[in-house]
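Down below is the structure, laid out as structure tokens.
Chain letters run A, B, ... following the sequence lines, proteins first and then strands; every chain starts at 1. Computed from heavy atoms alone, side chains included, the values below leave out hydrogens, waters and symmetry copies. In this text the structure is predicted, and so the values were computed from the model without any measurement.
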There are 2 protein chains.
Amino acid sequence: MSKTDLRSSEELILNAAIKVFTRKGYAGARMEEIAKEAGINRALLHYYFRDKETMFNLIFETKFKEFFTGLFGAFQSDAPFFEKIKRIIDHEITVLSKHPDLARFVIMEIAQQPDRLIQFGQKLGLNPRMMLENFQKEIQQNVLEGKIRPIDGRQLLMNIISICIYPFVAKSIIKTMMQMDENTFLDLMGKRKKDAYEFIINAITP
Amino acid sequence: MSKTDLRSSEELILNAAIKVFTRKGYAGARMEEIAKEAGINRALLHYYFRDKETMFNLIFETKFKEFFTGLFGAFQSDAPFFEKIKRIIDHEITVLSKHPDLARFVIMEIAQQPDRLIQFGQKLGLNPRMMLENFQKEIQQNVLEGKIRPIDGRQLLMNIISICIYPFVAKSIIKTMMQMDENTFLDLMGKRKKDAYEFIINAITP
DNA sequence: TAATTGTTTAACAAAATTGTTAAAAGTGTC
DNA sequence: GACACTTTTAACAATTTTGTTAAACAATTA
């Protein structure tokens with residue numbers, strides 16, 4: 001393959017590895033399948049990347065960042081409270097619609113090895129604790145000012161996140177049960193940006 | 001080991017297999033680890049159960065049933081609408097609090113092989129489609145009667161399920177970020193039965 | 001053209017994992 | 001004690017998966 005090809009082999013391999021790892025997880029992924037998906041042979045995988053674990057860590061770091069960074073950004077924006085909620089919802093649903101296996105992959109691999117959350121969080125300079133504390137303070141503030149009903153900040157936080165992320169994690173179940181194809185599902189998720197926002201706002205306005 | 005022991009080896013193996021499979025998934029589970037967890041040797045695994053796949057299918061069927069049957073029951077109870085929602089929430093949070101890996105396991109394995117949902121659903125005589133259709137009709141009815149705000153039944157359904165299940169799927173992330181130990185988490189889930197109910201009711205009452 | 005880099009092939013080595021077998025010993029039952 | 005069933009041991013076979021190597025070829029660059 002010449003250098004004038006649209007994508008270098010390295011890139012082809014990386015994209016293939018992303019597909020296979022995010023679909024199957026570390027334990028279920030096969031180097032052979034990655035090579036096949038990339039349209040090259042197994043030897044070349046090891047020419048560009050040391051081994052399976054190295055490859056996985058590279059991809060996990062990318063996906064970890066993709067999953068958390070934007071979300072943290074939305075949480076930390078200085079928009080008014082309701083607007084901030086809107087941004088969180090829009091951002092999550094937009095990102096997860098584009099990356100079908102992202103949420104499931106990250107959640108599963110952290111469940112397999114919880115210390116990855118600390119490890120990669122530090123590596124990327126994310127501070128989940130401070131972020132959550134600030135958001136909870138903001139909730140408390142709004143409760144005190146009577147702008148929203150009294151509610152445990154942790155529960156509201158979990159509700160917002162759950163409503164955004166769960167449908168993508170359980171996508172195959174939802175699609176089967178509701179008899180939707182991929183496009184119908186994505187369409188429903190598009191509408192969900194508005195629906196979820198209204199649902200949450202109705203739930204918390206006094 | 002004598003027959004007077006509290007648990008038979010078969011039972012020990014099964015419980016060990018449940019632990020390992022639900023924690024690691026099919027691909028990540030190791031027969032060796034199951035034997036170790038059961039306190040017996042690998043040969044005995046094959047004495048009682050043909051092979052890994054047979055074992056897995058047995059356990060998956062059990063867990064599939066555990067995950068869906070009670071939930072379907074709650075959906076199909078003939079309680080009034082709000083009471084039904086309350087039962088669904090209570091049931092889900094109670095079951096998932098007792099079986100920490102249940103939701104993640106079932107969701108992940110169905111994501112790996114979506115036809116399992118149809119296959120095991122039929123085997124257990126569950127009819128997800130009819131159940132969902134009935135619940136959505138009930139939502140429509142309540143909307144028409146003005147008892148709840150206008151809402152897409154599919155979205156409300158997803159909201160209820162998401163709020164109940166997601167915290168258990170992402171448990172390790174939530175625990176780390178909110179700096180909770182296991183007991184604190186379970187305590188929060190206990191309170192969540194009431195909190196989630198109020199949140200949802202507030203969201204839908206006009 | 002020579003040198004460098006990228007790529008394929010094919011064979012193979014090494015490791016991990018699963019599954020099998022036979023022999024012996026333990027257990028309870030008749 | 002004879003019998004059937006359970007369990008352990010230990011070795012090993014089979015398979016799958018991962019990783020390595022050397023040789024040849026292709027493409028690019030100096």
Which parts of nucleotides 13-19 of chain C does protein reach within less than 4.0 Å, heavy atoms only, written one letter per nucleotide 5' to 3' as B for base, S for sugar-phosphate only and - for none? ----SBB
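- Between B:I40 atom CD1 and D:dA10 atom P there is a gap of 16 Å when expressed in whole angstrom units.
- Taking NZ from B:K52 and OH from B:Y26, the interatomic distance works out to 5.0 Å, rounded to the nearest 0.5 Å.
- Regarding contacts with the backbone of D:dT7, a side-chain N or O of B:S9 is found under 4.0 angstrom from either OP1 or OP2.
- A cation-pi contact links A:R116 to A:F60, judged by a cut-off of 6.0 Å to the six-membered ring centre and 45° from its axis.
- Residues B:E83 and B:R87 are paired through a salt bridge, judged by an N-O separation under 4.0 Å between the basic side chain and the carboxylate.
- For A:L45 and C:dT9, the CG to P distance is 14 Å, given to the nearest whole Å.
- Around NZ of B:K19, the count of heavy atoms belonging to other residues, nucleotides or ligands within 6.0 Å does not exceed 12.
- A salt bridge does not link A:E37 to A:R30: none of the charged side-chain nitrogens sits closer than 4.0 Å to a carboxylate oxygen.
- Closest approach to the B:Y48 side chain among C:dT8, D:dT6, C:dG6 is made by D:dT6 (side chain taken as heavy atoms from C-beta onward).
- Counting to the nearest Å, the C1' atom of D:dT7 and the CD atom of B:E10 are 14 Å from each other.
- Comparing atom distances between the A:N41 side chain and each of C:dT7, C:dT8, D:dT6 picks out C:dT8 as nearest.
- For B:E138 and B:K84, the salt-bridge test passes: some basic side-chain N is under 4.0 Å from an acidic carboxylate O.
- Salt bridge absent: A:E198 and B:R149 never bring a charged side-chain N and a carboxylate O closer than 4.0 Å.
- Salt bridge present: B:K63 and B:E66 bring a charged side-chain N and a carboxylate O closer than 4.0 Å.
- Taken over five-pair windows at either terminus, the axes of the helix from C:dT1-D:dA30 to C:dC30-D:dG1 are inclined to one another by 10° (rounded to 10 degrees).
- For B:Y47, the listed nucleotide lying nearest its side chain is D:dT7; candidates were C:dT7, D:dT8, D:dT7.
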